[in-house]
Amino acid sequence: QLTVVQKQTQYNQQLIDKLNKPHQFWETQPMPNINELESLKPGPIQEGILADVRKDPFNLISKFEWCNVDLRNEEQAQQVYTLLKENYVEDDDNMFRFDYSIDFLRWALLPPGQHPDWIVGVKVNQKLVGFITGIPVTLHIENQQTKVKMTEINFLCVHKKIRANRLAPVLIKEITRRVHIKNMWQAVYTAGIVVPTPISQTRYYHRSLNAKKLIEVGFSSLSARQTIARQQKLYKLPEEPKTQGLRAMKKKDVAQVTKLLNEYLKQFKLYFKYTEDEVKHWFLPRKDVISTYVVEKEQGVVTDFLSFYNLPSQVIKNPKHTHLRAAYSYYNVATQTPIVQLMYDALILAKNEGYDVFNALDIMENEKFLKELMFCPGDGQLNYYLYNWKLESNMLKPEEIGIVLV
Ligand SMILES: CNCCCN(C)c1ncc(F)c(N2CC(C(=O)NCc3cnc4ccccn34)C2)n1
């Protein structure tokens with residue numbers, strides 16, 4: 001165990017390093033820095049050479065060990081759940097921390113074609129202290145011609161007690177190595193922070209469903225002229241959705257939903273193409289994880305669908321509430337129903353499922369309903385990143401983004 005003085009010295013040294021070379025790690029990565037943005041041609045920045053990929057894992061400081069986490073194993077899933085629940089993303093005021101459930105993590109990380117060695121953990125004395133994940137995706141970039149098999153990176157987390165050990169860059173390098181070894185050379189990820197170089201900067205919007213609770217947990221605040229009663233009245237919703245034929249998605253809808261979704265996403269500059277198997281995985285309803293509702297017209301024709309996922313936040317210190325129940329807009333395809341009406345029904349359905357707030361990014365067509373349905377802009381920015389790929393246009397507008405990462 002380091003003495004207090006040694007710890008302080010180590011910490012001071014880290015600070016000095018950061019001040020001298022803030023993005024030391026990121027400058028070693030194939031991400032265009034500001035002045036390269038002009039000179040690089042669109043496409044891969046570095047050609048990947050399989051023969052050059054290290055065959056063995058990166059070195060870890062002593063007592064730290066790599067492990068592949070098997071989320072189907074209850075005990076290992078519990079370890080991941082607890083690490084994230086206690087050490088994952090918090091808001092800037094440290095009032096909330098995401099509380100991804102085990103069922104959610106299995107949904108998010110065990111899609112068709114998953115690679116077991118892409119669920120990466122670091123253990124010390126059998127205790128999980130670090131985590132990072134990848135899932136295989138096929139990303140369509142800027143036009144139909146280019147579709148790239150790559151990885152979607154998520155859930156980078158280091159235990160609070162062992163931060164400033166530079167473990168995060170090693171986790172990133174190791175999962176990069178495990179992706180390269182499968183002859184894949186690109187990645188897509190998002191983050192609330194800004195590191196070199198976002199391809200798009202999107203913003204979160206929030207629609208109050210339970211005004212009283214949002215004020216009690218400190219998510220919303222009342223201005224001088226507002227009262228809780230006024231807020232409740234302002235955000236009140238009808239008991240039942242309005243759209244005829246709206247019902248929970250079932251297995252029999254998979255083929256139609258797949259067609260609707262793939263056709264709809266083509267309008268964006270960044271989007272995934274889904275097989276029916278993938279639609280089954282990502283959209284069939286799972287209690288407390290993903291809700292999908294379809295609009296079925298005469299003769300069983302599905303013309304629209306809406307979907308939102310469940311991501312509660314732990315309220316860190318609050319006498320009355322332990323959790324904030326948040327629904328996050330996922331993919332919504334409106335071909336016959338006006339999108340404002342479809343999303344108004346989404347709010348009603350989420351309210352009836354017990355959610356306190358409905359969150360949406362300003363991506364895809366969301367701008368068309370955010371204001372009209374009384375969403376408020378949040379403080380949360382979500383930046384999208386593409387690893388080892390130069391876009392034709394340096395930045396994409398939020399409405400050109402057709403992918404949602406959970
Ligand atoms: C791939 N992964 C990205 C998704 C992770 N997601 C959902 C996320 N990434 C960064 C954010 F900025 C963010 N925000 C939702 C908005 C919000 O609700 N802000 C208040 C709040 C309530 N609970 C929390 C927990 C953590 C941070 C802010 N929180 C801001 N969401």
Side-chain angles (χ1 to χ4, degrees), residues 80 83-101 104-105 107-109 111 118-119 131-135 137 139 150-157 160 168 171-172 175 187-195 198-211 213-221 270 272 282 289-290 307-318 321-331 350 355-363 366 370 375-387 398 401-406:
V80 172
L83 175 73
L84 295 175
K85 179 185 173 67
E86 295 172 358
N87 303 280
Y88 198 45
V89 182
E90 296 174 11
D91 66 307
D92 294 343
D93 303 326
N94 308 100
M95 289 165 63
F96 307 105
R97 189 165 52 240
F98 291 126
D99 187 5
Y100 285 89
S101 73
F104 189 105
L105 292 167
W107 174 65
L109 298 172
W118 284 11
I119 312 284
F131 191 63
I132 191 166
T133 65
I135 60 170
V137 292
L139 186 64
M150 64 172 75
T151 184
E152 174 188 308
I153 297 296
N154 206 341
F155 300 108
L156 168 61
C157 182
K160 285 170 182 265
L171 279 163
I172 295 170
I175 197 151
V188 61
Y189 53 97
T190 59
I193 56 165
V194 185
V195 284
I199 57 163
S200 191
Q201 301 196 291
T202 72
R203 179 159 298 288
Y204 274 99
Y205 285 73
H206 313 285
R207 208 288 184 180
S208 172
L209 300 177
N210 180 346
K213 170 136 180 219
L214 294 187
I215 289 154
E216 288 169 345
V217 301
F219 185 90
S220 315
S221 53
L270 220 54
F272 299 135
W282 293 114
V289 174
I290 176 78
S307 59
F308 48 86
Y309 62 85
N310 172 39
L311 173 49
S313 289
Q314 184 184 352
V315 184
I316 294 168
K317 273 191 296 299
N318 186 281
H321 302 288
T322 59
H323 282 82
L324 167 70
R325 284 192 206 89
Y328 285 76
S329 177
Y330 194 46
Y331 292 91
Y355 290 99
D356 301 322
V357 65
F358 191 98
N359 292 337
L361 289 161
D362 55 357
I363 61 175
N366 295 356
L370 291 171
F375 282 73
C376 300
D379 53 3
Q381 188 174 45
L382 196 66
N383 304 294
Y384 280 73
Y385 297 91
L386 255 186
Y387 175 91
I401 300 284
I403 59 174
V404 176
L405 273 57
V406 297

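Every number for a ligand or one of its atoms is a count from 1 in the order of the listing.
Looking only at side-chain heavy atoms (C-beta outward), H323 and D356 stay at 4.5 Å or farther from each other. Annotation: side chain of L209 is not in contact with side chain of L214 (no heavy-atom distance under 4.5 Å).
Residues that satisfy the salt bridge (Lys or Arg N to Asp or Glu O under 4.0 Å) test with R97, not counting sequence neighbours, are E90.
Considering CD1 of I316 and CG of D93, their distance stands at 10.0 Å, rounded to 0.5 Å.
Counting only distance, with no hydrogens or angles, the side chain of Y205 and the backbone of N366 share no donor-acceptor pair below 3.5 Å.
For the ring-ring contact (aromatic ring centres under 6.0 Å, His included) test with F358, the passing option among F308, Y330, Y328 is F308; the others fail.
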Less than 3.5 Å apart, N/O on ligand 1 and N/O on the protein: could you list those pairs with the distances?
unit_1: ligand 1; atom_1: 2 (N); unit_2: V406; atom_2: O; d: 3.2
unit_1: ligand 1; atom_1: 6 (N); unit_2: Y204; atom_2: OH; d: 3.4
unit_1: ligand 1; atom_1: 23 (N); unit_2: S313; atom_2: OG; d: 2.7
unit_1: ligand 1; atom_1: 31 (N); unit_2: Y204; atom_2: OH; d: 3.4

